[in-house]
Every structure is written in C-alpha cells, then in structure tokens.
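To start, the structure under review is shown below, and the notes come after it.
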Amino acid sequence: VQEAVNHDQYLVERIVAGDTGAEAELVTRFSRGIGLMLLKHTDDPQLARDLSQDTFVIALRKLRAGDLRNRNCLGAFIRQTAINLSIQYFRKQRRFIHSADGIIQLQVAPKDRTEEKLDRRITRAMLEDILEQLTMPRDRELLRRFYLHDEDKDSICEQLNLSAQHFDRVLHRAKQRMRELIEQQKGLRSLLFGGLLDV
Amino acid sequence: MFNTEYTNAWIDRYLRNELTAEDEARFENALLESRQLQDDLESALAVRRLLRLEARSQEAQEDPSAAGVRFPWFTMALCASLVLAVLSGVMYWNVNHEVADLRSGVDDLGKPHAHALIVPLDIMRSAGQDLPEAIIHKPDDGTFVTLDIELSVAAVAANIIFVSFRDERGAELVAWHPGAIENGRVRASFDAKHLPEGRVWLEVTDTNDRVLDRRLLEFR
C-alpha cells in the first residue's frame, strides 16, 4: 500500500512539474475504471465517454495547478471529479423537466443509440448468437429477471424453484463465459459498450 | 473487502444500486485500483447490456415503425411533412428569385422519388466550436433527404421554434417552422438539389428570435 501511495505522490509531482508522460500515465491508469463507473451511473456509453473525457480534462487542470492537497488520494480525487460531473449533468437535465408542459419525456434516461447505428438484422443475429453461447436456454429466464427486470434473488429462486446456490452458479457461469467471449471476439466489446472500453 | 468470495455479490449489489453511499464510494475507489475488479464488473455489465440490447432489438422487430419498415401510412406521413416543410418555407421566403426555386421544388413533389435518405443529426456533446458536427455527403438529385434533427434541451423546452440554415457570415439561406417535436427531435425533408452547399449553420430560435441552439454542418 505504501508503495502505491508513494507512486501516486510521485505521479502528481511529475504532473505539477509539467511532465506530459505522467499525464498520459494517469489517463491510461484510470480511464477504464472511470469508464465502467460512469457507464453504471449513466447507462449510456456515449455519455459515459464524454463525461470520462471531461473528467480527465478537469482533473489534469486541477493537478497541474497543484490543487490536490492530499496527494495520497489520487484515485478518490479522480472518482469524485467524475461523480461531480455526472451529478452536474443530470441536475442540468432535471432543470428543464418541470419548467414547461409536454417535456416529461426528458425524464427518461438518455437513449442509447448503439444498436441503431448498426444494421438491425445483423445486430440482432449477433446478439442472439452471443446469448446462445452465453447460457443454456433454461437459464436465460433467470438472467433476464435479475439483470433486465431487477427482480430480487429470493423471489426469482422461489418462482423458478431454484436453490440460492444454483442461482449463484448460473450468474457466475454467465459472467465467466462473457469474459471469455469478450477476449475471443474482438468486436463484442464495441457492440456492447459503443467504443467506451475499446483498447 | 473485495476478495474473490465476495466480489460477485458486491458487483451485483453495486449494479442494482443496493449499496449505501459509503460502500459505493469504497467499491468505486477499489475499482479504480484493481484490474481484476474491473474485469469482473465489465463481465457483469456486458451480460446486462447484452440482455438489454437484445430486448430492445426484439421490441424494434415487433414495432414496424421502429424497424424502418415502410408502411403506406409512413409514406403518407413523410409526404405530408414534406408538403408542410415546403409550405412553411414559403412563408419565410422573402426574395422573388427564391420563390422561383421553391416552385421548382414543389413541382418536384409530383415526380416519384426513387430514393429516400434519412440523416440523423444528433447533438455532439464534445464537438468543437469551429469544426462541423456532421459532414453530409449530398446524394444525387432526385433523392429525397430527411434531416432528423435532435434538439437541445432548451429548444425542446421552447416548444415553438424556428429552424434555419445560415451561411458562415450569418445570412439566412432558408428558414422553416418545423412540425411537432417528437422525442426531442424534428424532421425536415428536402430534395437533394435544394440542400445548401459547404459549411452552414443550423440555427434553432424561439419566437423572440433568441438563438437556442447553433450547430455547424458541412454539405458536400
């Protein structure tokens, strides 16, 4: 831990001194984690990517100016910058929601147009193919209920007559298989995350 | 806290917003430092997104309008919006020679259009001030181009808006009052030969002529 803290302090010192290599190192180190975090908060890969870029612009500007007092907390500082930006974004959106009639539809989450940019038929075939490779048909209902409809584990187990262990196994296997598919199929990450996590 | 035994449970609770604010912060701070945790979260997010995209794709297939299937009512609606767009244009067309151009545009309505093209103009959040947000390659004359314009939040809130194309010096090329705003978007249809050339500003104003949205486009 001490080694990591020392490394963070050294990285910040280099950024303050104007070392552009250190800035690139900071972006490389944190961009994937920030991207995943923002995707969870926004559910929109394009918006997550925009906010991620803005996060690093703001964070680097502050770091260059020496605004980070506690240099042991570099990760927490980057995270907080990203959180503040996403809060700011959604607050700005909300400001317009109640200002006039007829714009209630703005309350829905930003629409993700990833699938619209690809040919629908090809996309659909690809998605079905991946889903088939991911899990057995009998387990898909479980995944849909848990991840798509946010139903809780106990009620799913009760309704599908499953044990908690079986439930955990299905989820674990699906995620493990997804990991393998992402590694094997180059385009899968782009299809699912719209270029947000492309490496 | 985030050893293998607990990781999966934490990730699922994180994705389902079941963590307290403190635990969420601890989880995200750990996430930024752990490649393993990032891999595990990415897998869970990927499963969730796969299911969502597949469900949306299924909905789109069941909804013919979303799937882009041309039903007669769709064609009729498209023609109606064209007529409305042209008629609205007439109201804002001030110079006589421009009226002549418009007449030729109206004449074209009588001819069948073999090709139709819908160009989505989404808001680019990170676009620079002096770079075009979209470069549109003009198709051959006789092709029917529908611009599907995403509006800014301010423009949607204004409710009654005017849309115009202006050249780089700010001179108005054409202006129109679009039809209904649907899902934060408006549509306008043009024959390809009536689209402007080069860099133009797409400007959205309210009834007091206040600029609500301004975007640089390039037609080639």
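Bear in mind that the values here come from a model prediction, so they are computed numbers and not experimental data. Naming: A, B, ... by sequence-line order, numbering from 1 per chain.
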### Task
Measure distances from A:L188 to the heavy atoms of chain B and classify the residue's part below 4.5 Å as side chain, backbone, both or neither.
neither

### Task
State plainly whether the residues A:D150 and B:R48 are in salt-bridge range, i.e. N to O under 4.0 Å.
no

### Task
Apply the test side chain to side chain contact (heavy atoms under 4.5 Å, CB included) to residues B:L51 and A:L131: give CA-CA distance (whole Å), side-chain angles for both, the deciding distance (0.1 Å), then the verdict.
CA-CA 8 Å; B:L51 293 164; A:L131 202 56; 3.9 Å; yes

### Query
Quick one: what part of A:I34 sits under 4.5 Å from any heavy atom of chain B, side chain, backbone, both or neither?
both

### Message
Report which part of A:L143 has an atom under 4.5 Å of a heavy atom belonging to chain B: side chain, backbone, both, or neither.
### Response
both

#### Entry: Within 45° cone of A:F146 ring axis and under 6.0 Å: B:R16 NZ or CZ
yes

### For chain A, the option from B:N17, B:L45, B:L31, B:D40 that forms the most heavy-atom pairs under 4.5 Å
B:L45

### Message
One thing to verify: whether B:D12 and A:K175 come together as a salt bridge, which I'm taking to mean a side-chain N less than 4.0 angstrom from a carboxylate O.
### Response
yes

### Task
Verify the neighbour count for atom CD of A:E158: are there more than 12 heavy atoms of other residues, nucleotides or ligands below 6.0 Å?
no

### Message
Is there a side chain to side chain contact (heavy atoms under 4.5 Å, CB included) between B:N8 and A:L171? Walk through the geometry before answering.
### Response
CA-CA 9 Å; B:N8 283 326; A:L171 248 57; over 6 Å; no

#### Entry: Residues in side-chain hydrogen bond (donor to acceptor under 3.5 Å, both in side chains) contact with A:E132, at least two apart in sequence or another chain
none

### Query
Are B:Y14 and A:M37 close enough, and set up right, to give a side chain to side chain contact (heavy atoms under 4.5 Å, CB included), and what steps lead you there?
CA-CA 10 Å; B:Y14 174 64; A:M37 197 184 95; 3.5 Å; yes

### Query
Step by step, would you call B:L32 with A:R32 a side chain to side chain contact (heavy atoms under 4.5 Å, CB included)?
CA-CA 8 Å; B:L32 294 186; A:R32 184 164 179 244; over 6 Å; no

### Message
I'd like to know if A:K40 and B:E24 make a salt bridge, using a cut-off of under 4.0 Å between side-chain N and carboxylate O.
### Response
yes

### Task
Below 4.5 Å from any heavy atom of chain B, which atoms of A:L36 appear? Answer side chain, backbone, both or neither.
both

## Note on the structure
When every non-hydrogen atom of B:A44 is compared with those of A:Y147, the smallest separation belongs to CB-OH, 4.2 Å

### Message
Any side-chain to backbone donor/acceptor pair from A:R79 onto B:N29? Under 3.5 Å, distance only.
### Response
no

### Message
Applying side-chain hydrogen bond (donor to acceptor under 3.5 Å, both in side chains), can you list everything that pairs with B:S43, at least two apart in sequence or on another chain?
### Response
A:R179

### Query
Should we count NE2 of A:H172 as having more than 12 external heavy atoms under 6.0 Å?
no

### A:R144/B:E54 salt bridge by N-O under 4.0 Å criterion
yes

### Query
Are there more than 12 heavy atoms of other residues, nucleotides or ligands under 6.0 Å from atom CG of A:N70?
yes

### Message
Report which part of A:D168 has an atom under 4.5 Å of a heavy atom belonging to chain B: side chain, backbone, both, or neither.
### Response
neither

## Note on the structure
Nearest heavy-atom approach of B:V47 to A:A174 is CG2-O, 4.0 Å

### Query
Any side-chain heavy-atom pair from A:R29 and B:E33 closer than 4.5 angstrom?
yes

### Query
Rounded to the nearest 0.5 Å, how far apart are CG of B:L53 and CG of A:L191?
6.5 Å

